[in-house]
Amino acid sequence: MEFVKAMRKATNIKVLAILMIALIFSMYQETPAQRKKPAAKKPAPVETKPIVSSTDISYTVSMTKPWTHLLEVEMRYKAQNMPAMVELKMPVWTPGSYLIREYARHVEDFTAKDANGKGLMWQKINKNTWQVDTKGAKEIVARYNVYANELTVRTNELNDQHAFFNNSALLMFPKDGLNQPSTVRVVPYGNWKVATGLPKVENQTNTFRAENFDILYDSPFEVGNFVETTFVFRGVPHRLIFEGEGNYDVQKTAKDIEKIVAQGVEIFGDIPYKDYLFIVNLRGGGGLEHLNSTALQWNKFAFKPEASYKSFLNLVAHEYFHLWNVKRIRPDALGPFDYENENYTKLLWVAEGGTAYYEGVLLRRAGLNTDKEVLSSKTALIQALQNRPGRTETSLENASFDAWIKYYRPDENAVNNQISYYDKGELVNFLLDIEIRAASKGAKSMDDVMRYLYSEFSKKNRNFTPEDFQRTTEIMAGKSLNDFFSKYVRGTEEIDYNRILNGMGLRINLESDAKKQAFLGGNLAQDGEKLMIRALGSDVPAYQFGLNTGDQIVAIDGNRASQTFLTNYLNEKKPGDKLKLTVFRFDTLRDIEVTLGGRGKQDYAIVPVENPSEEQKRLYQDYLKAPLK
Ligand SMILES: [Zn+2]
């Protein structure tokens, strides 16, 4: 669109000026690489040298035939004492997305040579390891292609429009070499531009340096003709790029994001990066957090209406807040990373749930949403949790721990045996914040918990454990919260919402219809001519009388079944009436008789208590920046 192109021109001049400023500031700011904690397991020296190109590991990423979706990688690896056999490995997952993704399956055309171009023998010794016989060479040159045709925030895409790639899904690491620095040179297709959070190597085109592989794998690249702008907050440049056309307003979005950045920095008091990059691709949805960048996806025409734009800002706030919560304030197992196995932690309810909680907090403080919007988002979480049988099966800690096999691999039974550590995590962080504020009479809040974790763990190069987290909240509350944690974090007890909400002068209002409607239950979907059962909670009549997920309902009391028919028919029935459902289960027709249950409307709302005290009013005002009413 035209306005987009004009914007691109106007912003380029600004970008130049800002880069000059950035250069000056970069002399005084630590890079994320320098800030990166040396690992307990794998210590790395603090890096204070200027960016230089000389590294023993260097990659060149080319894209000469974008239509093939093949990213071409050349990896040069030098070693003084090169082992007789070198093992080059592809990560099997990428941090922030807790699923084994087997990136090695996209590797093609692997070859290995010495520096003189003489071929070296190699073999695969497991799913993600290429073992090269170095024959005494001091340098090996491995070349391979990676098929890149999946645009998500944790995969790669190359086509005639652009390239987006995650280094963890593209670049091999040498065994035992995760602490080594490396450089990446990108050879863009045509006149495409390159964006990444990695620092540039001086005097070299499109060449970037990473101090170790946790930094390298933390830094996605966007290569294309993206639209861009930069804003400077407290001297630190923040670059915002949109890949493709859409109904976004670059300048307005940059202004709103700056307000979010300001609120994040306000909490922690410093800016722990020397520049930050927001990458927005305009398909799909979701985001992935990094130390000084984030990859976001949003539908190209979903920047309007206002509600949809606010959802986008929520996503931005989420990924941005992660630069502290999870990228620097790190749960026990989350960094330095093991790229070949699952990394288990019970703390995703803090890393993800806590970050989801701070989305609304940052937007509220930035004036981008209202107090009522914050509360209604929590109401929706309460409603969803209370309608989910899985809440009595899985605790927050267990849901976190099993993310690898459950949250990222939901099946039709998930509603019965799982909860989301995002959703219940957000809710429990919200309630914990109220507990702390009420117990400390407003002196402390979850902000203090975050600041404490930042200063006592992140800045002291320590990861935190579940015990550390509980202890920190107890320091702020000034009392034991063991009951809260054992019931709602480690356990699966029903949450006593009203006791906690009362601290801020709030309560749950449950609007129930006394008149119960006939109720079958289940998640049904009309798929063309077919009425299908997609999922069944264990607490609904359809489940209890023997229907299965995957059943196709063909007839209801002898009438052709459809979603519309069923809805209308149930309106004519009352609780206790019987229905004969004729269903195809696999390839066999059968009849199932169901006795209908009764269900009234159950609408939750968070409302003020009657006659709130002055203290309740003060705590509400302090938290939600609006009077309690
Ligand atoms: Zn997240």
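Ligands are counted one by one from 1 in listed order, and the atoms in each one are counted from 1 as well. These numbers come from a predicted model, not from an experiment. Any value given below was found using the heavy atoms of this structure, including those in side chains, with hydrogens, waters and symmetry copies removed.
Residue-level check: among N/O/S atoms of H318, NE2 sits closest to the Zn ion (ligand 1). Sorting the N, O or S atoms of H322 by how far they are from the Zn ion (ligand 1) puts NE2 first.
Between the side chains of E352 and H322, at least one donor N or O lies within less than 3.5 Å of an accepting N or O.
Between W349 and the choices F401, F469, Y422, Y421, the ring-ring contact (aromatic ring centres under 6.0 Å, His included) rule is met once, by F469.
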Derivation and outcome, ring-ring contact (aromatic ring centres under 6.0 Å, His included), residues Y407 and Y98: CA-CA 9 Å; Y407 186 79; Y98 307 99; 9.6 Å; no

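Within the 2.8 Å limit, E352 places at least one N, O or S atom next to the Zn ion (ligand 1).
Between the CD atom in E222 and the CG atom in N281 there is a gap of 4.5 Å [rounded to 0.5 Å].
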